[in-house]
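Contents: one structure, followed by commentary.
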2 protein chains.
Amino acid sequence: MTNEDKKELSPAMEDYLRTIYKFEEKGAMVTTSMISESLGVAPASVTKMMKRLASMDLVEHEPYRGVGLTANGEKAAAEMARHHRLIELFLTEVVGVPWDRVHDEAHRLEHALSEYLEDRLADILGDPKVDPHGQLIPCKDGRVAVRNLRMLWELEQGTRGVVAEIEDHDPALLRYAAERTLFPGTEICVVERDPYGGSVIVALGAERCAVGQDAARQIWIETNDTTS
Amino acid sequence: MTNEDKKELSPAMEDYLRTIYKFEEKGAMVTTSMISESLGVAPASVTKMMKRLASMDLVEHEPYRGVGLTANGEKAAAEMARHHRLIELFLTEVVGVPWDRVHDEAHRLEHALSEYLEDRLADILGDPKVDPHGQLIPCKDGRVAVRNLRMLWELEQGTRGVVAEIEDHDPALLRYAAERTLFPGTEICVVERDPYGGSVIVALGAERCAVGQDAARQIWIETNDTTS
DNA sequence: TGCAGAATTGAGCCGCGTCTAAAAATAACC
DNA sequence: GGTTATTTTTAGACGCGGCTCAATTCTGCA
Ligand SMILES: [Mn+2]
Ligand SMILES: [Mn+2]
Ligand SMILES: [Mn+2]
Ligand SMILES: [Mn+2]
């Protein structure tokens, strides 16, 4: 019945969808300017594309308020996220590309990955669940595990947790994290917070290190408290 | 001085250039209709693109006669051919993709491969000289070895040689060749030619097999005769 | 509550890469 | 060698995905 089942999405559309997806993952509401900035494109271009995507039932656009993915849109976006993250992991694990370089490469390659190759990569990597930066890899049907992540920056003093995810678009941040051995999986404890906004002091086993605000806002921690 | 050194080429332009390159490799003169057919695009689109490429000094276009790559164009095209063929080899060797599927995948991926990744692949593969179908991989500066190839179809009875190359765009042909163990490197001898155009009978060691005309026109043999 | 500044949208433009239909040049054939 | 068939080019159109600039809407603050 629904005769527009398999729209062929352009690379540009895929980029927009994955960008929105990335923000929604973090629970943020998604505005024109966020997309505009993240994609390096004029705000008016975003608006125009949102209309197009809305007409394809991939996005819901509330003028002047923001956008959100529809069920269809989320499906397509998860697909892209899966491509992107599988490629990132493949590049680090198999090709030997350092983790601060894989994002840009994956960004270019994701649109060119066939379903067949996607399956081959997943196979070789043993059906991985997370990419090199800790981002969840959606499975084929688009489903993802749910996690309760909190910004390192917002944790109260004394909180314990595990590094879950580090924003992957800025190579310098990734190197900054690596210098402090803040990798996904690293256990940490917040020792001290400068109330006037400088750094968080974090303990990693016996070591401790300072993490500046800008970085601490881009590092996500999984805590074991039951914030119901 | 020359301020237009590094034009950024669009994927479409890269496709046109690599297509012309592919024909020139085989010593053919390149016409609008050949490109049109090979790229699945209207002849008028080819003409228009040829003008654009000519204005960028990548192509020389003699109206109504044909086109050829300039030095710049050949550089750029060799770059694409290198990408394409490195990817094909990587996919067969590392990812385990069968040789009749790699062409289409490489065709999509080639435009998204950075110089950095290109180098990584070449490294992993040990600076290879030929792709899975026997096509030569240009080195970074665009240089390629010279070979003296002849169509299997045009060899006289009794000629000995080695399979050098099999056209890679048609998966069925590649499977056809594989069934007969006609891989790059296989030694063969032409036992018999049907003068009325059916098949060539080829000996491979003790075995022999028939190769139909359409296939024999797409299989290239390196012979050891000194055709000076 | 009204207003200034910021965010968003609308209108209109542009280049790319495609198409179709018609004109022009070349090639084939009798 | 002239006529016909084929190939190629020209002309004009279109959709996409960007942009700029102006109009609109929303927000924060006096
Ligand atoms: Mn996929
Ligand atoms: Mn990542
Ligand atoms: Mn290259
Ligand atoms: Mn090949």
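No experiment lies behind these values; they were computed from the predicted model shown. Heavy atoms only: backbone and side chains are in, while hydrogens, waters and symmetry mates are out. Each chain gets a letter, A, B and so on, in the order its sequence line appears, and its residues count up from 1.
A salt bridge is absent between Glu60(A) and Lys51(A): the closest approach of a Lys/Arg side-chain nitrogen to an acidic carboxylate oxygen does not fall below 4.0 angstrom. Using a 4.0 Å cut-off between charged side-chain N and carboxylate O, Arg193(B) and Glu156(B) make no salt bridge. Salt bridge Arg217(A)/Glu167(A): absent, no basic N to carboxylate O contact under 4.0 Å.
In the displayed structure, Glu62(B) atom CD is contacted under 6.0 Å by at most 12 heavy atoms of other residues, nucleotides or ligands. No more than 12 heavy atoms of other residues, nucleotides or ligands lie within 6.0 Å of CZ in Arg65(A), so this atom counts as exposed by the packing criterion.
Of all nucleotides in DNA chain D, those with any atom nearer than 4.0 Å to a heavy atom of chain B start and finish, going 5' to 3', at dT8(D) to dA13(D).
Near DNA chain D, meaning a heavy atom under 4.0 Å away, the residues from residues 19-35 of chain B are Thr31(B), Thr32(B), Ser33(B).
Among residues two or more places apart in sequence or in another chain, the side chain to side chain donor-acceptor pair (under 3.5 Å) test is passed with Ser45(A) by none. Considering only residues two or more places apart in sequence or on other chains, Lys48(B) meets the salt bridge (charged side-chain N to carboxylate O under 4.0 Å, His left out) condition with none of them.
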Protein-proximity profile, nucleotides 16-25 of chain C, B/S/- by nucleotide at the 4.0 Å heavy-atom cutoff, equals SBBBB---BS

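Checked against a 6.0 Å centroid threshold, the rings of His84(B) and His103(B) count as neighbours.
Going from atom CE of Met50(A) over to atom P of dT9(C) covers 10 Å, rounded to whole Å.
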Which donor-acceptor pairs under 3.5 Å do the side chains of residues 32-44 of chain A make with protein atoms, sequence neighbours left out?
unit_1: Ser33(A); atom_1: OG; unit_2: Thr31(A); atom_2: OG1; d: 3.2
unit_1: Ser36(A); atom_1: OG; unit_2: Val41(A); atom_2: O; d: 2.7
unit_1: Ser38(A); atom_1: OG; unit_2: Lys22(A); atom_2: NZ; d: 3.2

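Using a 4.0 Å cut-off, some side-chain N or O of Arg65(B) falls inside it from OP1 or OP2 of dA27(C). The side chain of His61(A) places no N or O atom within less than 4.0 Å of a non-bridging phosphate oxygen (OP1 or OP2) of dT8(C).
Side-chain atoms of Gln213(A) and Ser199(A) include no donor-acceptor pair closer than 3.5 Å.
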